[in-house]
Amino acid sequence: MEKRKFKIRHHVARKLIEHAREQERHVTPEELDDLWKRVEEQVFIEKRKNSRRRILYDTMALSAAVIFFCMFWLGKQFIAYYADDDSIVDFAQYTQAEEATNKDIRLLIPGKKEVEVKETDANIIYSQNGTVVVNSDTITQRETQEKEREFNQLIIPKGKRTRLTLADGTRLWANSGTRVVYPGHFEKNRREIYVEGEVYLDVFRNEDAPFIVRTKDFQIQVLGTSFNVSAYPSEGVSSVVLVEGSVNVKNQQKEQVILAPGQLVDIETGRLHSPRNVDVEPYVCWVKNMLMYVDEPLDKVFRKLNLYYGKEFILESGVAELQVSGKLDLKEKLEDVLHTISFSAPIYCEEIEGRIFVRKKNRYESFIVNPLMYNFMRNKSSEEKVG
């Protein structure tokens, strides 16, 4: 008998919680009162013949269930305040993920063995029929129920880049040191991905399903447009640059700005700065394997080279604050890129045990041959003689 009563109370509490989970809107006080009355009626039927002590016990159990319901409801409202829906919960597990340390691009597909891509530039295409093409290899995704949400994860290490076509036709370029989390297929009225690092997107327009890019500190909502998102955890400032169309950038405090083409907004520690007009080319040219910089400090330039080539640079005294302007072709070898930089800044480089030390020249060292370049030229000359 006691076991049966416990099961009834447990069933009532569980039904109450399930009802709350099914709600897609705010629960009003009137609805809360109605739920309370319905549960009270069921508990009264079950306990009306019990003693006062049993009534007190049941009431305490009921109160605990209602308290749990209220905590769940308040938690749901908290999530809704920051994310407009509960989708951010699905991505939360990825926001604290460890930094990618593998040398190869990794593609994690639910129910499948982890796919490693060794090419520097990978091309990954998702189709609507559930297949994934990685360069020339085809992978079949696991079939999922319509309401089931499973997420793929693409992890690009330093020194690699990836082109990704999502199932809705949206094209995405992912830069080095980037993580992208996305569903294998989108729901009819819901398209969302999570980004950590830098991506350039050309979003397929669908007015019935706005496209949302989420990061740790902010989100961008679009219908169909082209824009760049830079949100590296190691950088103090993130940014969104709009190439064409319109985007709405919103932070966790519900502050938001709408960008026009040719505008950039910086996000620093979650706070939105005022939009400003910029030349978008330096922000998106990495898609074409180029790096442009105008009056940038060298430490920022070398941080980008660290991501692109996967090499560690040690900037010695007096180098970091040097201002430079120029354009680099990142399809070239690192030695050639460093040689180009040395034309616009008084520096020379030396590779020691896999790390590249960047040193500032003094006026007596203006004609010193770059040791790294000397070795490169010597090897190239030897190869030409052998040929």
Side-chain angles (χ1 to χ4, degrees), residues 22-26 76 79-91 124-133 141 144-152 154 163-174 180-196 198-231 238-265 267 272 275 277-278 280 283-284 287:
E22 291 172 0
Q23 301 307 304
E24 295 296 333
R25 52 188 171 82
H26 296 293
K76 190 176 181 67
I79 293 172
Y81 176 79
Y82 282 104
D84 294 333
D85 51 48
D86 61 354
S87 61
I88 195 66
V89 175
D90 298 324
F91 293 119
I124 302 172
I125 301 174
Y126 282 73
S127 64
Q128 293 183 347
N129 63 11
T131 61
V132 184
V133 178
Q141 296 187 85
T144 59
Q145 299 297 325
E146 185 176 348
K147 292 185 179 180
E148 186 178 0
R149 299 193 76 197
E150 288 190 333
F151 293 91
N152 293 213
L154 180 62
R163 297 182 303 281
L164 173 66
T165 302
L166 299 172
D168 69 329
T170 292
R171 294 183 298 168
L172 180 152
W173 289 257
V180 185
V181 182
Y182 52 95
H185 65 276
F186 292 113
E187 299 174 15
K188 291 182 179 179
N189 60 348
R190 183 174 180 168
R191 296 185 295 168
E192 295 176 306
I193 67 173
Y194 174 83
V195 171
E196 180 182 281
E198 185 169 29
V199 296
Y200 176 82
L201 293 107
D202 185 2
V203 176
F204 181 81
R205 186 176 184 84
N206 183 352
E207 295 184 0
D208 296 326
F211 196 99
I212 296 176
V213 179
R214 298 189 184 275
T215 73
K216 184 172 66 70
D217 294 321
F218 61 95
Q219 71 176 45
I220 307 115
Q221 181 172 340
V222 302
L223 291 176
T225 188
S226 301
F227 62 101
N228 193 81
V229 182
S230 180
S238 301
S239 67
V240 179
V241 179
L242 181 62
V243 177
E244 61 181 31
S246 178
V247 299
N248 181 22
V249 183
K250 180 168 61 176
N251 64 9
Q252 294 181 353
Q253 288 72 40
K254 293 295 184 179
E255 299 170 339
Q256 55 187 333
V257 297
I258 297 177
L259 297 183
Q263 286 190 323
L264 171 147
V265 62
I267 304 96
L272 298 177
N277 296 322
V278 297
V280 300
Y283 297 93
V284 302
V287 174

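If you're wondering where the values come from, they're calculated on a predicted model, not measured in any experiment.
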Colleague: Can you name the nearest heavy-atom pair linking Val222 to Ser246, along with the distance?
Modeller: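 Scanning both residues completely, I find the closest heavy atoms to be CG1-O, 3.8 Å.
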
Colleague: May I ask you to test the Phe218-Val229 pair for a side-chain heavy-atom distance under 4.5 Å?
Modeller: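 Yes, their side chains come closer than 4.5 Å.
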
Colleague: Does Phe227 reach the side chain of Leu201, with side-chain heavy atoms less than 4.5 Å apart?
Modeller: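 Sidechains of Leu201 and Phe227: in contact.
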
Colleague: How far apart are the C-alpha atoms of Lys250 and Glu255, what are their side-chain angles, what is the distance that settles it, and do they pass the salt bridge (Lys or Arg N to Asp or Glu O under 4.0 Å) test?
Modeller: CA-CA 6 Å; Lys250 180 168 61 176; Glu255 299 170 339; over 6 Å; no

Colleague: Run the side-chain contact (heavy atoms from CB on, under 4.5 Å) test against Asp202 and tell me which residues pass, sequence neighbours left out.
Modeller: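 Scan of Asp202 (side-chain contact (heavy atoms from CB on, under 4.5 Å), adjacent residues dropped) gives Arg171, Trp173, Ser226.
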
Colleague: Going by heavy atoms in the side chains, are Leu154 and Leu164 under 4.5 Å from each other?
Modeller: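 In short, these two side chains touch, coming nearer than 4.5 Å.
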
Colleague: Check the side chains of Glu198 and Asn228 for a donor-acceptor pair under 3.5 angstrom, ignoring hydrogens and angles.
Modeller: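 Asn228 vs Glu198: donor-acceptor pair found between side chains.
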
Colleague: Distance from Thr165 atom OG1 to Arg163 atom CZ, nearest 0.5 Å?
Modeller: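 Between Thr165 OG1 and Arg163 CZ, I get 8.5 Å after rounding to 0.5 Å.
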
Colleague: Run the numbers on Tyr182 and Leu172 for side-chain contact (heavy atoms from CB on, under 4.5 Å), then give the verdict.
Modeller: CA-CA 12 Å; Tyr182 52 95; Leu172 180 152; over 6 Å; no

Colleague: In the structure I gave you, are the side-chain heavy atoms of Ser239 and Ser230 within less than 4.5 Å of one another anywhere?
Modeller: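 They are in side-chain contact.
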
Colleague: With rounding to the nearest 0.5 Å, note down the distance linking NZ in Lys216 to OH in Tyr194.
Modeller: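 Answer rounded to 0.5 Å: 7.5 Å.
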
Colleague: Of all heavy-atom pairs between Val280 and Gly262, which one has the smallest distance, and what is that distance?
Modeller: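 Closest pair (atom of Val280, atom of Gly262, distance): CG1-CA, 3.8 Å.
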
Colleague: Could you grab the distance from atom CG of Leu259 to atom CG of Asn248, nearest 0.5 Å is fine?
Modeller: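 One finds 8.5 Å between CG of Leu259 and CG of Asn248.
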
Colleague: Please tabulate, for side-chain N and O atoms in residues 203-210, each donor-acceptor pair with protein atoms closer than 3.5 Å (sequence neighbours left out).
Modeller:
residue : atom : partner : partner atom : Å
Arg205  : NH2  : Glu207  : OE2          : 3.2
Asn206  : OD1  : Asp208  : N            : 3.1

Colleague: So which heavy atom on Ala167 is nearest to which on Ser127, and how close?
Modeller: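 It is CB-O, 4.2 Å.
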
Colleague: Identify which one of Asn251, Val249, Ile267 satisfies the side-chain contact (heavy atoms from CB on, under 4.5 Å) criterion when paired with Val257.
Modeller: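 Only one option passes, and that is Val249.
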
Colleague: CZ/Arg191 to NE2/His185 distance, rounded to the nearest 0.5 angstrom?
Modeller: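 The CZ atom of Arg191 sits 14.0 Å away from the NE2 atom of His185.
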
Colleague: First locate atom CD of Glu192, then atom CZ of Phe151, and finally report the distance between them rounded to the nearest 0.5 Å.
Modeller: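 Glu192 CD to Phe151 CZ: 7.5 Å, rounded to 0.5 Å.
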
Colleague: What are the two closest heavy atoms between Pro261 and Leu242, and how far apart are they?
Modeller: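 Scanning both residues, the minimum pair turns out to be N-CD2, 3.5 Å.
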
Colleague: Which residue is it: Thr131, Thr170, Asn152? I am looking for the one with a side-chain hydrogen bond (donor to acceptor under 3.5 Å, both in side chains) to Tyr126.
Modeller: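 Going through Thr131, Thr170, Asn152 one by one, the side-chain hydrogen bond (donor to acceptor under 3.5 Å, both in side chains) with Tyr126 is satisfied by Asn152 alone.
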
Colleague: How many angstroms lie between atom OH of Tyr283 and atom OH of Tyr200, to the nearest 0.5 angstrom?
Modeller: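 Tyr283 OH to Tyr200 OH: 15.0 Å, rounded to 0.5 Å.
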
